[in-house]
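The structure under discussion appears below in the form of structure tokens.
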Amino acid sequence: MSITSTSLKYRNTFSLAVKAADLIVVDRIELMLKVWQQTQNRKMPLLVLGEGSNVLLLEDFSGTVMINQLKGIHIREELYAWHVHVSSGENWHNLVCHTLKIGIAGLENLALIPGLVGSAPIQNIGAYGIELKNVCEYVDLLDLFTGAIDRIPVAECGFGYRESIFKHQFQTGYIIVALGLCLKKKWQPMLEYGSLSQLDPAIVTPNLIFHFVCSLRRKKIPDPHNIGNAGSFFKNPLVSAAKFSSLISKYSSMPHYPQANGQVKLSAGWLIDQYELNKYRVGGAAVYRNQALILVNENNATSKDVVDLARYIRNSVASRFDIWLEPEVRFIGAMGELNAIEVLSCKNGQVQ
Ligand SMILES: Cc1cc2nc3c(=O)[nH]c(=O)nc-3n(C[C@H](O)[C@H](O)[C@H](O)COP(=O)(O)OP(=O)(O)OC[C@H]3O[C@@H](n4cnc5c(N)ncnc54)[C@H](O)[C@@H]3O)c2cc1C
């Protein structure tokens with residue numbers, strides 16, 4: 001266990017200059033339990049962080065930030081599949097590269113998603129037509145109260161669009177310590193999403209998809225090393241069929257994706273784009289010029305700049321479309337996670 005620095009500027013991809021009372025890098029489960037016990041004894045909050053690529057740190061954190069560094073990848077071969085057991089502190093993109101390098105396909109569409117393996121199940125990461133749930137076999141969860149590690153099979157993870165039980169009943173007092181993946185030997189390319197459909201299924205390889213996805217992402221998504229951001233700030237909204245039919249009668253070009261349950265998924269980026277907000281700024285925070293769904297720390301933004309910008313966007317979209325966007329990014333206050341919708345609904349202490 002090593003106590004390093006209290007600055008979190010390089011621990012969140014928004015690069016917001018907030019601090020923590022304490023910061024501890026942990027590479028063993030016993031140390032996780034020890035740190036938890038210490039924070040409990042001191043009645044201080046604990047925040048587990050991976051690479052901070054899905055958080056908006058609203059203010060200085062009053063407790064201990066625990067950086068997960070649990071490492072290890074174990075691969076077991078069966079007749080029809082590879083079973084990959086990965087410790088939660090491994091970097092997700094490195095795992096994608098590693099599996100492809102040793103001839104195991106299946107993760108190529110999920111290349112270049114920032115963050116750690118242990119964070120991937122929390123919002124069921126997804127891109128280019130694949131979600132984690134498609135390859136996940138189980139999640140190993142450390143119960144900090146008992147010290148036990150429970151294996152949650154994929155069917156019990158409550159995976160949905162940017163959803164899982166790890167955001168709800170297993171949010172406080174639990175740490176994801178490992179992930180199990182099942183990657184089928186009989187590989188089938190997933191080319192249905194967007195410009196992947198340009199690729200010829202007869203000759204495509206996992207490596208080709210990997211490089212294609214990486215180059216698309218590098219063109220569209222800002223690299224947090226160059227400009228602070230947390231990827232998509234809002235989720236794509238799901239609306240009822242009735243609401244959709246009234247919207248499409250007014251906005252015929254509106255992109256839409258019918259869902260199995262009858263709801264229709266809309267593009268939050270398109271809704272925001274209708275306001276031409278790409279030149280809109282609050283302090284140092286701005287809407288990214290190539291992708292309206294991404295908010296960026298353009299010039300030493302404060303957390304308040306980002307919140308005020310997000311609130312402005314959300315209110316604008318609601319006033320025209322009567323759709324309230326929900327943040328995908330997790331909002332973290334001084335004592336822990338806050339309800340992002342409540343934060344965006346409040347101005348000067350007054351809820352709308
Ligand atoms: C440029 C960019 C592009 C992105 N593109 C995508 C994309 O295409 N698809 C997508 O789905 N997401 C995307 N994201 C979001 C992000 O990459 C994912 O949500 C990722 O899984 C977050 O990983 P992290 O380690 O950075 O999590 P963090 O931000 O460190 O943590 C996120 C939350 O999980 C909790 N947490 C972290 N680790 C653990 C653990 N081991 N146990 C329990 N709780 C834990 C934290 O307390 C926090 O509440 C993007 C982000 C960026 C910056």
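Because the structure is a prediction, the values reported are computed rather than measured. All ligand and atom numbering here is 1-based and tracks the order in the structure.
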Glu51, portion touching ligand 1 at heavy-atom distance under 4.0 Å: both
Could you tell me if the side chain of Phe233 sits less than 4.5 Å from the side chain of Leu56, heavy atoms only? yes
Residues Glu163 and His168: side-chain donor-acceptor under 3.5 angstrom: yes
Answer side chain, backbone, both or neither: which part of Leu49 comes under 4.0 Å from ligand 1, heavy atoms only. both
Filtering Val296, Ile122, Ile175, Asn124 for the heavy atom nearest atom 44 (N) of ligand 1 leaves Ile122
Closer than 4.0 angstrom: is that true for some heavy atom of Arg217 and an atom of ligand 1? yes
Check: Tyr251 ring centre within less than 6.0 Å of Phe321 ring centre: yes
4.5 Å side-chain heavy-atom contact, Val154 and Cys182: no
If you measure from each heavy atom of Pro222 to ligand 1, is any distance below 4.0 Å? yes
Ala127 contact mode with ligand 1 (heavy-atom cut-off under 4.0 Å): side chain
Gln171 near ligand 1, heavy-atom distance under 4.0 Å? no
Classify the contact between Asn68 and ligand 1 as side chain, backbone, both or neither, using a heavy-atom distance cut-off of under 4.0 Å. side chain
